[in-house]
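Ligands are counted one by one from 1 in listed order, and the atoms in each one are counted from 1 as well.
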Amino acid sequence: MNAETEQTILRRNQKYLRPLIGKKLPERLEKQLEKLDWTALDLLRQEKQERGQFAPLGAMEREEIARRRGGLEQTGLEALRAGKVGAVLLAGGQGTRLGFDKAKGMYNIGVNRTLYIFEQLIENLKKVTTRVRAWVPLYIMTSEKNDADTRWFFREHNFFGYDPESVHFFVQEMAPAVDFEGNLLLESQDSLAMSPNGNGGWFKSMLAAGLGDDLKEKGIEWLNVFAVDNVLQQIADPVFVGATILSGCVCGAKVVRKCDPYERVGALCLEDGHPSIVEYYELTPEMAEAKDEKGTLLYGFGVILNYLFRIDRLMEITERRLPVHIVERKVPYLDEGGNLVKPEEPNAYKFEQLILDMVYMMDDCLSFEVEREKEFAPVKNAAGTDSVESARALLRQNGVIL
Ligand code: UTP
């Protein structure tokens, strides 16, 4: 350990690291400590950032989409055929709520047959690629925890019929976890407890992996970013692509109508004039229940983690730092005696950057309504809402044989 890091640890009273002071550290731990951004830990002592002034953002609703469908779709199909659209699958999460210890995409959602989540997503994308007769470049973000498994899984299953040349993997960054007093946790004698740093750093990680050149060479202008856990996810949807292009916005977001004013989803809106997402717990009852003259809730369109970003605009914001969110999680760690503790309750803070904060950095965003029953079946939990069971029911409803 270098003298400076030692001093930092001593100064910061890092209780799990103190026994290591003055000793030769294992190489892995030494590297982690050297690279560590200690300023991130200072966030714990900072006041919560105030939000700006919220205002409603009207959506392109389903009725309008149906009316204009032909023209929107035509524009989208042309962009797809011209190779201007790439897709980014965010698959670096740990899926702790599901309680599955591999990458979430490796989960078998089938009942009488095998149907992996990754496979279902590729099937959804193939509906478009078959139609346009061109592969859509697919970039898959993994984390250090699941990268090797994910790559192996795709190879093992022949990329589920997708073109291997059109698939690129890249690895996201990791961040340390700390206990509630701000002490770094060790997951083993040679490593800090590290976890993926949220889904907000995806574009930076893509560029760090050298994929900026690939985007340029291929002439890709738009990236459709989506979550691994929505098995009804419609990827590179020509109507959505066309609508965003024709809207003139630099970004588009698929949204679903809230089931009720208090549904626990983030709603797309404006914040100080920027597109933004207001969390359900940030809405006052007056805001939650406010309606327009047609009876539509003003904060009634929830995001489903399916965004389209214009790349030139993404390039312009890469230098800007995204806010860091602090979340409570259960993180296994070595106690001061070196014994592994697996907590039953949240015991630690993790630091995450979120894709929704990128939306705020865009000048504008098309809010594009989709039908929940056809496009939104998230697999978040093992049981109950947004679970394997609810997603299976929705898949069946959409004619997928399980
Ligand atoms: P979630 O917010 O549901 O997180 O991710 P998660 O890690 O998958 O699940 P929990 O909260 O531990 O149960 C939404 C999307 O963002 C991706 C996930 O893979 C999912 O597609 N994600 C999340 C990342 O790619 N990296 C991260 O660090 C976090």
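For residues 386-402, the salt bridge (Lys or Arg N to Asp or Glu O under 4.0 Å) pairs, not counting sequence neighbours, are Glu389-Arg392.
Ligand 1 has no N or O atom lying under 3.5 Å from any N or O atom of Glu352, backbone or side chain. By the 3.5 Å distance cut-off applied to N or O atoms, Phe226 is not counted among the residues near ligand 1. Considering backbone and side-chain N/O of Ala227, none are found under 3.5 Å from N/O of ligand 1.
Listed by number with element, the atoms of ligand 1 under 4.0 Å from a non-hydrogen atom of Gly92 are 19 (O), 24 (C), 25 (O), 26 (N). Taking every non-hydrogen atom of Met141 and a distance limit under 4.0 Å, the qualifying atoms of ligand 1 come out as 25 (O). Atom numbering of ligand 1 starts at 1 in the shown order; those under 4.0 Å from a heavy atom of Gly198 are 26 (N), 27 (C), 28 (O), 29 (C). Listed by number with element, the atoms of ligand 1 under 4.0 Å from a non-hydrogen atom of Val228 are 19 (O), 21 (O). Counting atoms of ligand 1 from 1 in the listed order, those under 4.0 Å from a heavy atom of Lys380 are 1 (P), 3 (O), 14 (C). Those atoms of ligand 1 that come under 4.0 Å of a heavy atom in Leu305, given as number and element, are 14 (C), 15 (C).
Of the possible donor and acceptor atoms, one in the side chain of Thr318 sits under 3.5 Å from a partner among the backbone N and O of Met315. No donor-acceptor distance shorter than 3.5 angstrom exists from the side chain of Asp147 to the backbone of Glu144, with no hydrogens or angles considered. With hydrogens and angles ignored, the 3.5 Å screen pairs no side-chain donor or acceptor of Asp190 with any backbone N or O of Leu29. The main-chain N or O of Glu279 is found under 3.5 Å from a side-chain atom of Glu282 such that the two form a donor-acceptor pair.
Taking 4.0 Å as the cut-off between side-chain N and carboxylate O, Asp37 and Arg321 count as a salt-bridged pair. Between Glu61 and Arg257 there is a salt bridge, with a side-chain nitrogen of the basic residue lying less than 4.0 Å from a carboxylate oxygen of the acidic one.
What sits closest to atom 22 (N) of ligand 1 on the protein, heavy atoms only, is Gly93 N, 3.5 Å. Atom 12 (O) of ligand 1 has as its closest protein heavy atom Thr96 OG1, 2.5 Å. Scanning the protein for heavy atoms near atom 21 (O) of ligand 1, the closest one is Leu90 O, 2.6 Å. Among all protein heavy atoms, the one lying closest to atom 11 (O) of ligand 1 is Arg97 NH2, 3.0 Å. Closest protein heavy atom to atom 7 (O) of ligand 1: Gln94 N, 2.9 Å. Closest to atom 16 (O) of ligand 1 among all protein heavy atoms lies Asn199 ND2, 3.1 Å. Looking only at heavy atoms of the protein, atom 8 (O) of ligand 1 is closest to Gly95 N, 3.6 Å.
Gln172 and Asn197 are linked by a side-chain donor-acceptor pair at a separation below 3.5 angstrom, with hydrogens and angles left out of the test. Ser276 and Arg51 form a side-chain donor-acceptor contact under 3.5 Å, judged by distance and modelled atom types alone.
For Pro196, heavy-atom contacts with ligand 1 shorter than 4.0 Å involve the backbone as well as the side chain. Looking at Arg329 against ligand 1, only its side chain comes within 4.0 Å, counting heavy atoms. At a heavy-atom cutoff of 4.0 Å, ligand 1 is contacted by the side chain of Gln172 but not by its backbone.
Residues Lys380 and Leu98 fail the side-chain proximity criterion, which asks for heavy atoms closer than 4.5 Å. Annotation: side chain of Leu89 is in contact with side chain of Phe118 (closest heavy-atom distance under 4.5 Å).
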Chi angles and distances behind the side-chain contact (heavy atoms from CB on, under 4.5 Å) call for Phe226, Val88:
CA-CA 6 Å; Phe226 62 98; Val88 181; 5.8 Å; no
